[in-house]
Novice: 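The structure under discussion is supplied below as structure tokens; questions concerning it will follow.
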Amino acid sequence: MKKLKTSWGIFVLVLVLITSILACTTHGGGRGVTETADVIVIGAGGAGFAAAMAAHQGGSSVILLESMNRPGGNTMIAGGAFQSVNPTLQSQLAMTDAHRAAIMALVNKPPHDNFERDLQQTVRKQLEEFTAANRPGLFDSVEWHALQSYNAGDYIGTPELVMTLTSNLPPTREWMTTNGMQWSTNPNINVRIFTVLGGLWQRSNRPEMPLGTGFIDMGVRYVEANSDRITLHLETRATEFIVENGRVTGVRATGPGGDRNFMATRGVVLATGGFGANVEMRQRYNDMGNPPLWGPGLRNALSTNHPGTTGDGIMMAESIGANLVGMEWIQMLPMGDPRTGSLSGNIEMGVEDRFFVNKNGDRFMDEGGRRDYMTNALLAQPDSWMWVICDAQSYPDPVNNRNNFGETIVQLVEAGRAFQADTIEELARLIDVPPANLRRAVDEFNAGVAAGTDRFGRSLWRIRIDQPPFYAGARIPTVHHTMGGVEINNNAQVINTAGRVIPGLFAAGEVTGGIHGTNRVGGNALADIFVFGRIAGTNAAAVR
Ligand code: FAD
């Protein structure tokens, strides 16, 4: 009897062992611990948080995976400029003849295609109504935003995606506000809604918190408040998709607990960001351009990006047949810190209120232009080096006014990252440029403010630079953004090389391509990641 009991006990033990081994085996055939949720989101940057929040609001449980030891990605260190039409704030801005001329130049040019022609017609009509009604403030509309974005990307962006982006921005901004996003409450309207570098129009909404921390703070607080349904795994790097019968059903990841399989009953959202920090990958794709956008110097260029911008998600998606688009379009900015490539230390507070000079103290471009144009102009200057010049009006309160990176001008001057002087000539001596040249550049800029244009065709102006103290800060070209990535449709579903949807897989943010074309407009990335992150999360949660 005792022997029978022992045999029975061993049998039960073996049964339990077999059952637990089976439970830990993935549906895709691999091995490891398995965790399951309705929706798996890969990458805890802005797009990932937006997707997780939207999926949760769609009734799903969510697992959010992040390879780094903190959430945030590039979103966390971003300047915070969020492009979105904002009639309330824009109605308090000034509309100049130069603004009007800039609109007319774009609506009157020969259209590239039907999409541009329709946008031109709509914007022309909207501007006529705006003028006839004598509305106050700066004209803007989602169509004007779309027209500028499509044109600035050289018509490589997919029209439907461009329109989805701009038309969804005002409601997405509202959705973010409802979910705890705090926007600047600064009484100076030009601070709350400004023109970011390469933003082309005064529609960059500024968050209350410095850099991109406010966007991530919103996401983290949302996840914490809903921790029963959303789990964030840090230091957990997704390595490959699990695909069953042509459908993406999960992802393998490696982390502190070893390898794990994360299974999704509804959908997987890829939100791993771009590949700006992957030097080999960005050089390889740049060199595939015809002709390459940048020369071999791209390899040694510094970058604004965080180290997790590795392109992992793009490679994972490509390995299961996803189509990649626009991979050769890599954005460089003329605004890097000369030592680190970072955007921090930038003394500009808005495009209208500053200009650039080279080492000779000469202006050399339209400082309100496209980012690729400005970077190319800078690359042609001695040592690819420039000085940003502004005056006291950018910092009415030098101790408290902060740039997008939370820095005051006093801190930057003390740290030797900016120079301050009471006269233009003294400033010229501090930065070692010929004083007569810098004086000529200031006079030229101020003449442009009065005329509303200049020899470079600049159209974004606001105030003369004539109030001491005057400031200068050095800048060089730096790698910033990768416009290419995984192809998606309007529903944020990933498209394969045969032009068909990959079931179960959605993507959003810098990991995707096809929105910004050859050149992303400033402030359009934070806009993109929240619009498409929200769409991806909503649609992943809706899968049945
Ligand atoms: P990210 O925010 O980069 O998030 C992706 C996340 O995925 C990261 O946390 C990454 O670690 C993680 N990840 C990567 N691989 C894996 C993996 N295998 N497994 C799990 N996790 C993974 N745009 C604007 O519109 N306005 C601005 O003012 C602005 N300023 C910027 C300033 C700087 C310094 C930089 C670098 C960019 C700026 N941009 C700005 C661009 C914008 O910030 C980015 O395009 C955007 O934040 C990308 O968001 P994302 O969610 O797609 O990617």
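As the structure lists them, so they are numbered: ligands from 1, and atoms in each ligand from 1. All values derive from a computational prediction rather than experimental measurement. In what follows, every heavy atom counts, from backbone to side chain, and hydrogens, waters and symmetry copies are set aside.
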Novice: Does the salt bridge (charged side-chain N to carboxylate O under 4.0 Å, His left out) test come out yes or no for Asp259 and Arg252, once each step is laid out?
Specialist: CA-CA 7 Å; Asp259 292 348; Arg252 291 198 175 87; over 6 Å; no

Novice: Flag the pair Glu35 and Arg260 as a salt bridge only when some basic side-chain nitrogen lies within less than 4.0 angstrom of an acidic carboxylate oxygen.
Specialist: yes

Novice: Taking side chain to side chain donor-acceptor pair (under 3.5 Å) as the test, write out the residues that go with Asp366, two or more places apart.
Specialist: none

Novice: As a test of reading the model: which residues have a non-hydrogen atom less than 4.0 Å away from ligand 1?
Specialist: Ile42, Gly43, Ala44, Gly45, Gly46, Ala47, Leu65, Glu66, Ser67, Met68, Gly72, Gly73, Asn74, Thr75, Ile77, Ala78, Gly79, Gly80, Ala81, Thr236, Arg237, Ala238, Ala271, Thr272, Gly273, Thr304, Asn305, His306, Gly308, Asp312, Leu343, His480, His481, Gly509, Glu510, Arg520, Gly523, Asn524, Ala525, Leu526, Ile529

Novice: Who passes ring pair (Phe, Tyr, Trp, His ring centres under 6.0 Å) against His145, sequence neighbours left out?
Specialist: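 His145 satisfies ring pair (Phe, Tyr, Trp, His ring centres under 6.0 Å) with no residue once adjacent residues are dropped.
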
Novice: Taking only residues two or more places apart in sequence, or in another chain, which ones meet Phe356 in a ring pair (Phe, Tyr, Trp, His ring centres under 6.0 Å)?
Specialist: none

Novice: Inspect the surroundings of CZ in Arg284 and state if more than 12 heavy atoms from other residues, nucleotides or ligands are less than 6.0 Å away.
Specialist: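 Yes, the 6.0 Å shell around CZ holds more than 12 heavy atoms from other groups.
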
